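A short write-up of the structure that comes next.
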Amino acid sequence: MLNMDNVSFSYAEDENLADVNLNIKKGEVILLCGESGCGKTTLTRFLNGLIPNFFDGKRQGEVYLDNKAISEMPIYEISKYVGSVFQNPKTQFFNVDTTSEITFGCENLAVEKSEIETRLEKVVNDFKITHLLDKNIFKISGGEKQKIACASISAVFPEIFVLDEPSSNLDSKSSWEFEQIIKKWKSQGKTVIIAEHKLFFLKDVVDRVIFIKNGKITYDWHISEFKKLNHRDLGLRQLDLDNLTAKRTDYYSNNDDFLELKNFNFKYKKVPALDINNVKIPKNEIIAIIGKNGAGKSTFANCLCGLKRSFKGEVIFDNQRLKRKDMLKKTYMVMQDVNHQLFTESVLDEVLLSMDEENMDLAENILTNLNLIHLKDKHPMALSGGEKQRVAIASAIASKKEILIFDEPTSGLDLKNMMKVSENLIHLQKLGITSFIITHDFELIMEACSHVLHFEDGKIIDNYKVDEEKLKKFFLE
């Protein structure tokens, strides 16, 4: 069905794919894996026609869809057969409300109104997103945006799905639900190609695993072979999360210093989004903020660092009641969509920008610790999603603020770079920094976090030191 014939590609001077040959049969579910920047996203852009239609570069070889050269097909023709979900779903939205976005593709293909309504009902039920209909697309969480993007592509009924990091912002329950969606597509004979770092929800649905390194396909395993391998030796995430253990149970700051919140609440217009009566959060911890998509985690982070002007309540830190301007001075936040906070012409300048006084040696040391030093002269917006994420984290570390807030800092990161982030968080803790980590990444929590805040419907329903049993119940059951 899909054939890549001696495909090579480079965006500029760096080669991103080299002599790739790949045959994908109808109905196969293919996993593309490998370290960040290895060429997975570039490969998906060939399969959905974005190369050469939207991305320029030096190209060799050809991709064939049912024996037709994709490079010679107009993009609207390709879209009838291939549906894509990008790493950042916001880049593919055309509407401001969720329902219109789901039906947009069908309308463009001139599907009859009654058929569109039938398809809408089907994908809403498949993805369990009735509660997201008719919502402002800019007011929903990152994970909810991911669901809308997947639903909108599914509604077109393509024969091929190309998915780039589809689980990056999904909570654990949604990831397992997404596994069921892929199984349903598979039962319908659809072909699914998934570029992913998180593997746990794919182990029982994938047929083949394609391992890419430095732009080349180095392994092509049947899933039965792949399950027998040591995935960490390959630089890959865990296939079975049941085997993970908490690494930070023996290290706590062991003091009586707390960050205290009283009557801490926020409303979007008149709709309550955050309601915390009173909570004491230990300082100098790495605090995982967990909860389902839309539970209020990002809203909490925005309020805590002073970005929401209309939030109410008291923040007590070092026995001082902080005003909003104080919170802005004491905190630094790495956003879920880091494209909003990359401003300079180079990676190095981005890190220097966050410093009160420029320190070149410190900036380069931080970049080295995050495996970014080789990219220091690159423009941040030219990097992969995972690389951008690490640049924003580097800027946060360089800021030397007392409270750091990270919103999904490891979404789209491979094992090696997730471990780099973990090591840096632990180093910051030793320096007396309090870090809040909004995350659905169970592996990161087990590796680095020492405390947990569990959110539900805008409230903190649990506040505890890392507890394997509690965490596994939330993430794995």
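Note that the structure is predicted; figures quoted are calculated from it, not measured.
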Quiz prompt | Crowding at CG, D457 (>12 non-hydrogen neighbours, <6.0 Å) | solution = no
Quiz item: Do F161 and I153 touch side chain to side chain, with heavy atoms closer than 4.5 Å?
Solution: yes
Exercise. May I ask you to decide whether D414 forms a salt bridge with R237, counting only side-chain N to carboxylate O separations under 4.0 Å?
Key: no
Practice problem: Kindly say whether N23 contributes a backbone atom to a donor-acceptor pair with the side chain of N3 at under 3.5 angstrom? | Solution: no
Quiz item: Should the ring pair F178 and F201 be called parallel, tilted or perpendicular, given that the plane angle runs from 0 to 90° and is split at 30 and 60?
Solution: tilted
Quiz item: Heavy-atom distance under 4.5 Å between the side chains of L304 and F311, does that happen here?
Solution: no
Quiz item: Going by heavy atoms in the side chains, are L244 and F442 under 4.5 Å from each other?
Solution: yes
Quiz item: Would you say E468's side chain and A246's backbone share a donor-acceptor pair under 3.5 angstrom?
Solution: yes
Quiz item: Should we count NZ of K183 as having more than 12 external heavy atoms under 6.0 Å?
Solution: yes
Quiz item: Would L471 and I445 count as a side-chain contact (heavy atoms from CB on, under 4.5 Å) if you check the C-alpha gap in whole Å, the side-chain angles of each, and the deciding distance to 0.1 Å?
Solution: CA-CA 9 Å; L471 286 166; I445 294 172; 3.8 Å; yes
Quiz item: With a 3.5 Å cut-off and no angle check, do the side chains of D349 and T344 form a donor-acceptor pair?
Solution: no
Exercise. May I ask you to decide whether D242 forms a salt bridge with K472, counting only side-chain N to carboxylate O separations under 4.0 Å?
Key: no
Quiz item: Are the charged groups of E35 and K213 less than 4.0 angstrom apart, N to O?
Solution: no
Quiz item: Under 3.5 Å, is there a donor-acceptor pair between the E101 and S152 side chains?
Solution: no
Quiz prompt | From CA spacing to verdict: side chain to side chain donor-acceptor pair (under 3.5 Å), D377, S346 | solution = CA-CA 5 Å; D377 296 321; S346 75; 5.5 Å; no
Practice problem: Rounded to the nearest 0.5 Å, what's the gap from SG on C449 to CG on D441? Could you check? | Solution: 9.0 Å
Quiz item: Is it the case that D164 and T41 place a side-chain donor and acceptor less than 3.5 Å from each other?
Solution: yes
Quiz item: Looking just at side-chain N and O atoms, do S114 and E117 make a donor-acceptor pair shorter than 3.5 Å?
Solution: no
Quiz item: Once you round to the nearest 0.5 Å, how far does CZ of F86 lie from CZ of F93?
Solution: 11.0 Å
Quiz prompt | Intermediate values then yes/no, side-chain contact (heavy atoms from CB on, under 4.5 Å), C33 and H197 | solution = CA-CA 6 Å; C33 62; H197 289 301; over 6 Å; no
Quiz item: Sub-3.5 Å donor-acceptor pair from the side chain of S8 to the main-chain atoms of D19, do we have one?
Solution: yes
Self-check item: Verdict with reasoning, F475 to H440, per ring-ring contact (aromatic ring centres under 6.0 Å, His included)
Solution: CA-CA 8 Å; F475 279 97; H440 300 301; 7.7 Å; no
Quiz prompt | Charged N-O contact under 4.0 Å between K68 and E72 | solution = no
Quiz item: Any idea which heavy atoms bring G39 and L17 closest together, and the distance?
Solution: O-CD2, 3.6 Å
Quiz item: With side chains defined as the heavy atoms from C-beta onward, is the minimum distance between F474 and K173 less than 4.5 Å?
Solution: no
Practice problem: First locate atom CD of E387, then atom CG of N371, and finally report the distance between them rounded to the nearest 0.5 Å. | Solution: 9.0 Å
Quiz item: With no hydrogens and no angle check, is any side-chain donor or acceptor of E28 less than 3.5 Å from a backbone partner on V192?
Solution: no
Quiz item: Does atom NZ of K227 have more than 12 heavy-atom neighbours from other groups under 6.0 Å away?
Solution: yes
Practice problem: Determine whether more than 12 heavy atoms belonging to other residues, nucleotides or ligands lie under 6.0 Å from atom NZ of K26. | Solution: yes
Practice problem: Spell out, as yes or no, whether a donor-acceptor pair under 3.5 Å connects the side chain of N125 to the backbone of E121. | Solution: yes
Self-check item: Rounded distance (nearest 0.5 Å) linking atom CD1 of I289 with atom NE2 of H451
Solution: 10.5 Å
Quiz prompt | Which atom of I217 lies closest to which atom of N21, heavy atoms considered | solution = CD1-O, 3.9 Å
Exercise. For the pair E456 and K459, find out whether any cationic side-chain nitrogen is under 4.0 Å from an anionic carboxylate oxygen.
Key: no
Quiz item: Is there a donor-acceptor contact under 3.5 Å from the side chain of N424 to the main chain of K420?
Solution: yes
Quiz item: Got a salt bridge between D462 and K470, using NZ or NE/NH1/NH2 to carboxylate O under 4.0 Å?
Solution: yes
Quiz item: Crowded around E112 CD? As in, over 12 foreign heavy atoms under 6.0 Å?
Solution: no
Quiz prompt | Which atom of I30 lies closest to which atom of I210, heavy atoms considered | solution = CG2-CG1, 3.6 Å
Practice problem: First locate atom CD of Q180, then atom OG of S175, and finally report the distance between them rounded to the nearest 0.5 Å. | Solution: 12.0 Å
Quiz prompt | Audit row: I438, I290, side-chain contact (heavy atoms from CB on, under 4.5 Å) steps and yes/no | solution = CA-CA 6 Å; I438 301 170; I290 67 172; over 6 Å; no
Quiz item: Quick one: are I70 and I51 in side-chain contact, heavy atoms under 4.5 Å?
Solution: no
Exercise. Output yes when K186 and D207 qualify as a salt bridge under the 4.0 Å nitrogen-oxygen rule, no when they do not.
Key: yes
Quiz item: Does F104 CZ have over 12 foreign heavy atoms under 6.0 Å away?
Solution: yes
Quiz item: Can R59 be said to sit on top of F9's aromatic six-ring, NZ or CZ under 6.0 Å from centre and within 45° of the ring axis?
Solution: no
Exercise. Step through the shown structure and confirm whether more than 12 heavy atoms of other residues, nucleotides or ligands are within 6.0 Å of NZ on K292.
Key: no
Quiz item: In Å and rounded to the nearest 0.5 Å, what is the OG1 to CZ distance from T103 to R119?
Solution: 11.5 Å
Quiz item: Which atoms form the tightest heavy-atom contact between E115 and V111, and what is the distance?
Solution: CG-CG1, 3.4 Å
Quiz item: Are any side-chain N or O atoms of S141 and backbone N or O atoms of E144, one a donor and one an acceptor, separated by less than 3.5 Å?
Solution: yes
Self-check item: Intermediate values then yes/no, salt bridge (charged side-chain N to carboxylate O under 4.0 Å, His left out), K90 and D337
Solution: CA-CA 9 Å; K90 288 203 305 186; D337 184 356; 3.2 Å; yes
Quiz item: Which pair of non-hydrogen atoms, one from K198 and one from S167, has the smallest distance, and what is that distance?
Solution: CD-OG, 3.6 Å
Quiz item: Between D97 and K135, is the closest basic N to carboxylate O distance under 4.0 Å?
Solution: no
Self-check item: Heavy-atom side-chain proximity of F46 to E62 below 4.5 angstrom
Solution: no
Quiz prompt | T99 side-chain N/O to D134 backbone N/O, donor-acceptor pair under 3.5 Å | solution = yes
Exercise. Classify the ring geometry between F226 and W221 as parallel (under 30°), tilted (30 to 60°) or perpendicular (over 60°).
Key: tilted
Quiz prompt | Check: V338 main-chain N/O paired with Q341 side-chain donor or acceptor under 3.5 Å | solution = no
Quiz item: Taking the side chain as C-beta and beyond, is there a heavy-atom pair between E408 and T439 under 4.5 Å?
Solution: yes
Exercise. Decide yes or no for L32 and T44: does some side-chain heavy atom of the first lie under 4.5 Å from some side-chain heavy atom of the second?
Key: yes
Quiz item: Do you see a donor-acceptor pair shorter than 3.5 Å between the side chains of T299 and N302?
Solution: no
Exercise. Of all the heavy-atom pairs spanning L236 and G34, show the shortest one and how long it is.
Key: CD2-N, 3.9 Å
Practice problem: Assess whether side-chain contact (heavy atoms from CB on, under 4.5 Å) is satisfied between I160 and I193, documenting all intermediate values. | Solution: CA-CA 8 Å; I160 302 167; I193 301 104; 3.7 Å; yes
